[in-house]
Amino acid sequence: MIYLSIIPWLWGNAGMTYPAKTVFYFSFYMFALSLTLLLAPGLLSGLLGYTAESYIWLRLIGLFLLYLAFDYFQAARENMRGFFYLTVYTRASILLFMIVFVSFGWLKPIFVALSLIDFSGAVWTWRALKRTERHRSRPSEPVRTADGA
């Protein structure tokens, strides 16, 4: 029975804002990628251009990404709006860095394609933040009392 009690915690708060949900769901992508890199680096090493000798570096990146995934997960559950804005800038910048790294020959072109996932997540969160700002900035309707005033 204790396993069932974790389900509400795992799936977040039903009152989670739309921007929070974008970061929350993105954290699951981060969990999946980090655990793959950490536990089975061979699954992605060929695609990324790494050899078996590089597995320790892939595992280290997976470990750091796992810690970051927990930050995204918890920030979303607590509706940390400032954090959401920060993730928009950092996730969007990954595409720029990957383009530079690939142009210098430091990484394979697949990294640009993979960074589009982060960029798309950033755009999704940014649009959600803008959408909720519009709703917040609307003046509320006057409160009507029982006597019609």
ask   = Are side-chain heavy atoms of L129 and R81 found at a separation under 4.5 Å?
value = yes
inquiry  = Once ring pair (Phe, Tyr, Trp, His ring centres under 6.0 Å) is applied, do any residues pair with Y89, and if so which ones, sequence neighbours excluded?
reply    = none
task = Would you give the length of the straight line joining atom CZ of F83 to atom CD of Q74, rounded to the nearest 0.5 angstrom?
result = 10.5 Å
message = I need the M16 CE to E78 CD distance, nearest 0.5 Å.
response = 10.0 Å
request  = Share the residues that join L60 in a hydrophobic cluster, the rule being Ile, Leu, Val, Met, Phe, Trp or Tyr side chains under 4.5 Å apart at the heavy-atom level.
outcome  = I56, W57, F64
key: Partner residues of T22 under the side-chain hydrogen bond (donor to acceptor under 3.5 Å, both in side chains) criterion, sequence neighbours left out   = T125
Beyond-backbone contact of Y67 with D71, side-chain heavy atoms, under 4.5 angstrom = no
inquiry  = Tell me every residue that passes side chain to side chain contact (heavy atoms under 4.5 Å, CB included) with S54, counting only those two or more places apart in sequence or in another chain.
reply    = Y50, T51
query = Atom CG in L35, atom CE in M30: separation rounded to 0.5 Å?
reply = 11.5 Å
remark   = d(F26 CZ, F84 CZ) to nearest 0.5 Å is 13.5 Å
inquiry  = My understanding is that only residues two or more places apart in sequence, or in another chain, count here; which of them pass side chain to side chain contact (heavy atoms under 4.5 Å, CB included) with T36?
reply    = L43, L44
Hey, can you pull the donor-acceptor pairs under 3.5 Å for the side chains in residues 117-124, sequence neighbours left out?
{"from": "S120", "atom 1": "OG", "to": "L116", "atom 2": "O", "distance (Å)": "2.8"}
{"from": "W124", "atom 1": "NE1", "to": "Y18", "atom 2": "OH", "distance (Å)": "3.0"}

L114 vs K108 side-chain heavy atoms within contact, under 4.5 Å = no
key: V112: side chain to side chain contact (heavy atoms under 4.5 Å, CB included) partners, not counting sequence neighbours   = L95, M98, I99, V102
note = Sorted by chain and number, sequence neighbours left out, side chain to side chain contact (heavy atoms under 4.5 Å, CB included) with I61 holds for L37
task = Could you tell me which residues satisfy ring pair (Phe, Tyr, Trp, His ring centres under 6.0 Å) with F111, sequence neighbours excluded, listed by chain and number?
result = none
query = Once you round to the nearest 0.5 Å, how far does CZ of F28 lie from CZ of F73?
reply = 5.0 Å
